[in-house]
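Not measured: the values here are computed from a predicted model. Below, chain A is the first sequence line, B the second, and so on; all start at residue 1.
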Protein chains: 2
Amino acid sequence: MSERSADSITLNIERSIVSGELEEGRPLPAERALMEQYGASRTVIREALTALTAKGFLKSRPRYRPIVCRPDASSAMQAAGGVIKHLLDNSRGVHDLYQVRVLFERVLVRDAATGADKDDLKYLKGALDDNEAAIGDSERFYATDVAFHRVLYTIAGNPAYPAIHTGFVEWLAPQWSRMPRSEQRNRDNFRAHKAIYEAILMRDPDAAERALVEHLETSWAFVRSTFFAGERE
Amino acid sequence: MSERSADSITLNIERSIVSGELEEGRPLPAERALMEQYGASRTVIREALTALTAKGFLKSRPRYRPIVCRPDASSAMQAAGGVIKHLLDNSRGVHDLYQVRVLFERVLVRDAATGADKDDLKYLKGALDDNEAAIGDSERFYATDVAFHRVLYTIAGNPAYPAIHTGFVEWLAPQWSRMPRSEQRNRDNFRAHKAIYEAILMRDPDAAERALVEHLETSWAFVRSTFFAGERE
DNA sequence: AAACACTATATGGTCGTACCAAAAGAGGAT
DNA sequence: ATCCTCTTTTGGTACGACCATATAGTGTTT
């Protein structure tokens with residue numbers, strides 16, 4: 001099947017990384033050393049390294065030894081991101097992705113409403129307070145906005161969730177982070193966050209979900225009218 | 001920043017693919033032609049092609065011209081899959097991923113319960129009937145099981161959802177498709193599907209979600225006890 | 001004329017060598 | 001010990017060559 005020797009070397013190194021034989025964060029052996037180790041030419045070695053880099057198992061800067069990266073949820077998101085960013089050049093692609101985010105957060109707020117413990121609520125309240133305090137500073141407000149939503153992704157304790165959140169934020173950033181902001185809009189957004197928080201506090205998943213959906217749909221309407229005004233739905 | 005000329009060529013070709021200049025399904029120009037076009041050595045061209053292949057923009061078989069692949073949601077999933085499959089060698093990784101799937105389907109059944117139209121319900125019923133008819137044939141039952149869940153991912157009309165479903169199925173297949181099956185278990189699973197369908201039919205999102213969660217948790221319990229009996233939670 | 005066999009060519013896969021520029025390490029001067 | 005200089009290491013790029021195979025083109029056979 002895989003007659004290419006570069007492929008088998010890629011797999012070999014991949015396995016060495018996953019198994020921990022090649023330690024995360026450490027640089028890979030030099031290319032000329034790998035030639036000997038695998039009995040292949042440098043061409044082949046470099047092809048394998050290129051593939052591994054594109055797959056996210058190595059981080060390589062020009063003129064430095066590639067750094068080994070253990071796969072985790074966030075590198076998986078990053079690998080997907082290379083493709084996803086090309087899907088976001090029209091409102092359709094952005095909306096499809098945004099819908100996935102909405103779907104995700106709907107469950108998260110429901111679960112927060114039914115299952116959040118005292119600590120979770122404290123974190124959420126802290127993020128909400130930070131958000132309120134930043135109303136006057138639009139740049140900081142955006143950061144605290146993201147942070148507030150992120151708390152929802154951390155409550156469940158699944159390490160994949162925060163990675164997914166990071167993906168959403170990065171991919172949607174071209175639109176969201178560049179939205180024209182105003183103190184009035186910040187205030188509206190804060191009120192939406194507060195409504196979500198209070199519904200969670202009241203242990204009312206339906207209300208929390210409604211508040212979230214309304215919040216995110218309002219946000220989408222703004223983005224759409226700002227960046228995709230010319231396109232039809 | 002990116003001093004490597006291979007990187008800029010990679011980006012160039014990537015853009016040509018996304019823009020449609022290089023048509024999907026058509027083979028790429030020969031390497032020696034690309035050398036001239038970009039004024040670079042074959043070494044560099046080949047590195048670019050390797051990277052593009054790993055990123056999912058090209059499908060290359062040995063000794064054939066690489067085939068151009070337009071990025072879509074499913075190629076994004078595939079790119080992530082290269083990393084994700086390494087996270088699934090223990091129950092923790094599998095469970096984390098499975099939880100994402102559960103989260104996803106919880107919303108899907110809720111939305112189906114509130115928003116499915118007559119056609120959607122007909123499709124779902126059709127999938128359910130196929131599922132019932134296959135109870136005696138475990139292999140076919142697994143296929144109809146997957147198909148039933150897939151209907152939920154198609155109802156919403158977001159093209160990303162079916163791609164995500166495909167990802168879940170492929171990544172979780174090592175466990176699920178290899179589960180020991182019996183007519184009794186098939187019957188139980190069918191009953192669970194039926195309960196979900198009926199809750200959707202009754203327009204009861206809470207009941208539908210409950211039925212789904214119970215179904216998926218039962219399934220997880222089986223998988224866990226079969227494949228990860230030795231590990232602690 | 002049609003079917004087959006054969007040859008030439010195009011193409012991807014691999015190898016080796018060479019050179020450059022920048023980074024890292026070694027060694028000596030202060 | 002500190003700083004500067006020189007050498008070595010290392011990744012990035014280039015060129016040329018050879019192999020195996022798939023495809024196209026040619027010629028032969030029936």
Side-chain angles (χ1 to χ4, degrees), chain A residues 1-17 21-70 75 78 82, chain B residues 1-17 21-70 75 78 82:
Chain A
M1 175 65 72
S2 73
E3 297 181 34
R4 287 191 297 247
S5 50
D7 285 348
S8 68
I9 294 177
T10 303
L11 259 190
N12 241 299
I13 299 181
E14 207 174 303
R15 275 197 270 264
S16 300
I17 292 175
E21 187 181 332
L22 291 171
E23 285 174 55
E24 180 176 7
R26 302 240 61 84
L28 214 62
E31 296 178 357
R32 288 165 177 87
L34 292 171
M35 295 179 52
E36 277 202 28
Q37 180 177 343
Y38 288 102
S41 73
R42 222 178 126 206
T43 313
V44 174
I45 298 294
R46 284 183 61 78
E47 269 194 42
L49 299 188
T50 308
L52 287 169
T53 303
K55 280 184 166 196
F57 290 95
L58 300 175
K59 292 258 167 291
S60 65
R61 294 172 300 164
R63 273 180 297 285
Y64 287 83
R65 308 261 282 277
I67 303 294
V68 174
C69 287
R70 256 321 236 314
S75 44
Q78 202 176 332
Chain B
M1 177 62 74
S2 70
E3 299 180 34
R4 288 192 296 247
S5 50
D7 286 348
S8 68
I9 295 177
T10 303
L11 260 190
N12 240 299
I13 299 181
E14 208 172 303
R15 275 198 270 264
S16 301
I17 292 175
E21 187 182 331
L22 291 171
E23 285 174 55
E24 180 177 8
R26 302 239 61 82
L28 214 60
E31 295 178 359
R32 287 163 176 89
L34 291 172
M35 302 180 44
E36 277 201 28
Q37 179 178 342
Y38 287 100
S41 74
R42 221 176 131 208
T43 315
V44 175
I45 298 295
R46 283 183 61 77
E47 269 196 41
L49 299 189
T50 308
L52 287 169
T53 303
K55 281 183 164 195
F57 290 96
L58 299 175
K59 291 260 166 291
S60 66
R61 294 173 299 165
R63 275 181 296 287
Y64 287 83
R65 307 260 283 277
I67 302 295
V68 174
C69 289
R70 260 312 241 315
S75 42
Q78 202 176 331

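Expressed to the nearest 0.5 Å, how far CG of A:Leu58 lies from CZ of A:Arg65 amounts to 12.0 Å.
At the phosphate of D:dT10, neither OP1 nor OP2 sits under 4.0 Å from any side-chain N or O atom of A:Arg63. Side-chain N/O atoms of A:Ser5 include one lying less than 4.0 angstrom from OP1 or OP2 on C:dT14.
Counting heavy atoms of neighbouring residues, nucleotides and ligands inside a 6.0 Å radius, atom CD of B:Gln37 exceeds 12 of them.
Counting atom types as modelled, B:Arg42 pairs a side-chain N or O with a base atom of C:dG13 as donor and acceptor under 3.5 Å.
Of the listed nucleotides (C:dC15, D:dG12, D:dA14), D:dA14 has the atom at the smallest distance from the side chain of B:Ala40. If you check D:dC15, D:dG11, C:dG16 against the side chain of A:Thr43, the one that comes closest is C:dG16.
Partners of A:Thr53 under the side-chain hydrogen bond (donor to acceptor under 3.5 Å, both in side chains) rule, at least two apart in sequence or in another chain, do not exist in this structure. Scanning for side-chain hydrogen bond (donor to acceptor under 3.5 Å, both in side chains) contacts around B:Glu24 gives an empty result, with sequence neighbours left out. Applying the side-chain contact (heavy atoms from CB on, under 4.5 Å) criterion to B:Gln78, with sequence neighbours excluded, gives B:Lys59. Here A:Arg61 pairs with nothing under the side-chain hydrogen bond (donor to acceptor under 3.5 Å, both in side chains) rule; sequence neighbours left out.
A:Leu34 is listed as a side-chain neighbour of A:Leu49, based on a closest heavy-atom distance under 4.5 Å. Using a 4.5 Å heavy-atom cutoff, the side chains of B:Leu52 and B:Glu14 are in contact.
If you take CZ of B:Arg4 and P of C:dA22, they are 15 Å apart, rounded to a whole angstrom. Put simply, CD1 on B:Ile67 is 14 Å from C1' on D:dA22, counting in whole angstrom units. As rounded to whole Å, 12 Å separates atom P of D:dT9 from atom CZ of A:Arg65. In this structure, the OH atom of B:Tyr64 is 19 Å from the P atom of C:dA10, given to the nearest Å.
The two residues A:Tyr38 and A:Ile13 have their closest heavy-atom pair at OH-CG1, 3.5 Å.
A heavy atom closer than 4.0 Å to some atom of DNA chain C occurs in B:Ala30, B:Glu31, B:Arg32, these being the qualifying members of residues 21-39 of chain B. Residues of residues 45-53 of chain B that place a heavy atom closer than 4.0 Å to DNA chain D do not occur.
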